[in-house]
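Have a look at the structure below, then the notes.
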Amino acid sequence: QARLEESGGGLVQPGDSLRLSCAASGQIFSGGPMGWFRQGPGKEREFVGWISGSGGSTVYADSVKGRFTISRDNTKNTLYLQMNSLKPEDTAIYYCAGGARSSWIRDAKIYDYWGQGTQVTVSS
């Protein structure tokens with residue numbers, strides 16, 4: 001059964017770091033590019049970043065570039081999002097996504113599989 005499950009969210013202070021994980025079933029993960037998205041309170045779901053199937057290529061939203069890092073462990077079918085220098089505006093539910101059907105990687109509609117999300121709250 002296709003499955004994505006995020007973990008690692010929590011409440012942190014501005015400037016802190018957090019690492020999110022996304023455990024994926026093999027049929028979604030193996031060799032396939034993966035994405036991270038987030039949805040803040042009262043906002044549309046937005047692109048955070050993307051990683052190629054090999055892990056050799058990444059793309060980030062301008063708002064997180066230089067602070068967030070996406071990686072993957074293909075032996076564990078797990079995707080990661082390392083978030084540093086967190087800001088209050090990073091507060092959102094974070095989702096991993098797989099099964100991209102096109103190269104429009106910033107568009108949430110192209111992904112077939114989604115996790116349930118994990119809440120990240122950045123507040124002093």
Side-chain angles (χ1 to χ4, degrees):
Q1 184 178 355
R3 178 186 61 83
L4 292 172
E5 185 171 359
E6 303 92 341
S7 61
L11 171 63
V12 296
Q13 295 187 337
D16 284 352
S17 297
L18 205 58
R19 188 176 82 156
L20 306 183
S21 299
C22 171
S25 59
Q27 67 191 96
I28 300 174
F29 199 84
S30 52
M34 301 287 294
W36 281 101
F37 287 76
R38 66 186 182 186
Q39 187 165 13
K43 297 182 180 179
E44 297 285 323
R45 190 168 298 192
E46 67 172 351
F47 173 77
V48 173
W50 171 93
I51 188 167
S52 64
S54 67
S57 296
T58 52
V59 177
Y60 297 96
D62 287 344
S63 59
V64 306
K65 199 175 296 181
R67 299 188 299 122
F68 290 13
T69 303
I70 298 175
S71 61
R72 63 193 292 162
D73 185 337
N74 286 347
T75 66
K76 297 181 179 179
N77 287 351
T78 302
L79 178 71
Y80 302 101
L81 180 65
Q82 177 67 43
M83 305 185 294
N84 298 330
S85 302
L86 282 161
K87 305 175 181 180
E89 50 263 44
D90 294 319
T91 295
I93 300 173
Y94 283 72
Y95 300 90
C96 60
R101 288 178 277 106
S102 84
S103 59
W104 294 91
I105 59 173
R106 297 172 185 265
D107 186 348
K109 293 190 290 295
I110 70 145
Y111 294 87
D112 282 336
Y113 302 105
W114 293 84
Q116 83 290 345
T118 185
Q119 176 71 50
V120 172
T121 303
V122 184
S123 175
S124 55

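- Both Tyr111 and Val59 sit in one connected hydrophobic cluster of ILVMFWY residues. Membership requires side-chain heavy atoms under 4.5 Å apart, directly or through other members.
- Checking each of Phe37, Phe68, Trp104 against Phe47 for a ring-ring contact (aromatic ring centres under 6.0 Å, His included) leaves exactly one that passes, namely Phe37.
- Closest heavy-atom contact between Pro14 and Ser124: CD-N, 3.7 Å.
- The shortest side-chain heavy-atom distance between Leu4 and Met34 falls under the 4.5 Å cut-off.
- The environment of Glu44 atom CD is sparse: at most 12 non-hydrogen atoms of other residues, nucleotides or ligands sit within 6.0 angstrom.
- Closest non-hydrogen pair, Arg67 versus Ser85, comes out as NH1-O, 2.9 Å.
- When the side chains of ILVMFWY residues are joined at heavy-atom separations under 4.5 Å, either directly or via intervening members, Val12 and Leu20 end up in a single hydrophobic cluster.
- A side-chain donor-acceptor contact under 3.5 Å links Arg72 to the backbone of Ser52.
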### Query
Run the side-chain contact (heavy atoms from CB on, under 4.5 Å) check on Gln116 and Glu5 step by step: do they pass?
CA-CA 7 Å; Gln116 83 290 345; Glu5 185 171 359; 4.0 Å; yes
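- The backbone N or O of Gly117 sits less than 3.5 Å from a side-chain atom of Glu6, completing a donor-acceptor pair.
- Rounding to the nearest 0.5 Å places CG of Leu81 at 8.5 Å from OG of Ser71.
- In summary, Lys87 and Asp90 do not engage in a salt bridge, as defined by a charged side-chain N under 4.0 Å from a carboxylate O.
- Listed by first then second residue, pairs satisfying disulfide bond (SG atoms under 2.5 Å apart) with a partner in residues 15-99 read Cys22-Cys96, not counting sequence neighbours.
- The shortest side-chain heavy-atom distance between Val64 and Arg38 falls under the 4.5 Å cut-off.
- The backbone N or O of Val122 sits less than 3.5 Å from a side-chain atom of Thr91, completing a donor-acceptor pair.
- Of the possible polar contacts, one joining the Ser25 side chain to the Arg3 backbone as a donor-acceptor pair under 3.5 Å is found.
- One hydrophobic cluster, built from ILVMFWY side chains closer than 4.5 Å, holds both Leu86 and Ile70.
- Taking every heavy atom of both residues into account, Asn84 and Gln82 meet most closely at OD1-NE2, 2.9 Å.
- Tyr60 and Tyr80 are members of different hydrophobic clusters when ILVMFWY side chains are connected at heavy-atom separations under 4.5 Å.
- Within the model, atoms CZ of Arg19 and OG1 of Thr69 stand 11.5 Å from one another, a figure rounded to the nearest 0.5 Å.
- Both Tyr113 and Trp36 sit in one connected hydrophobic cluster of ILVMFWY residues. Membership requires side-chain heavy atoms under 4.5 Å apart, directly or through other members.
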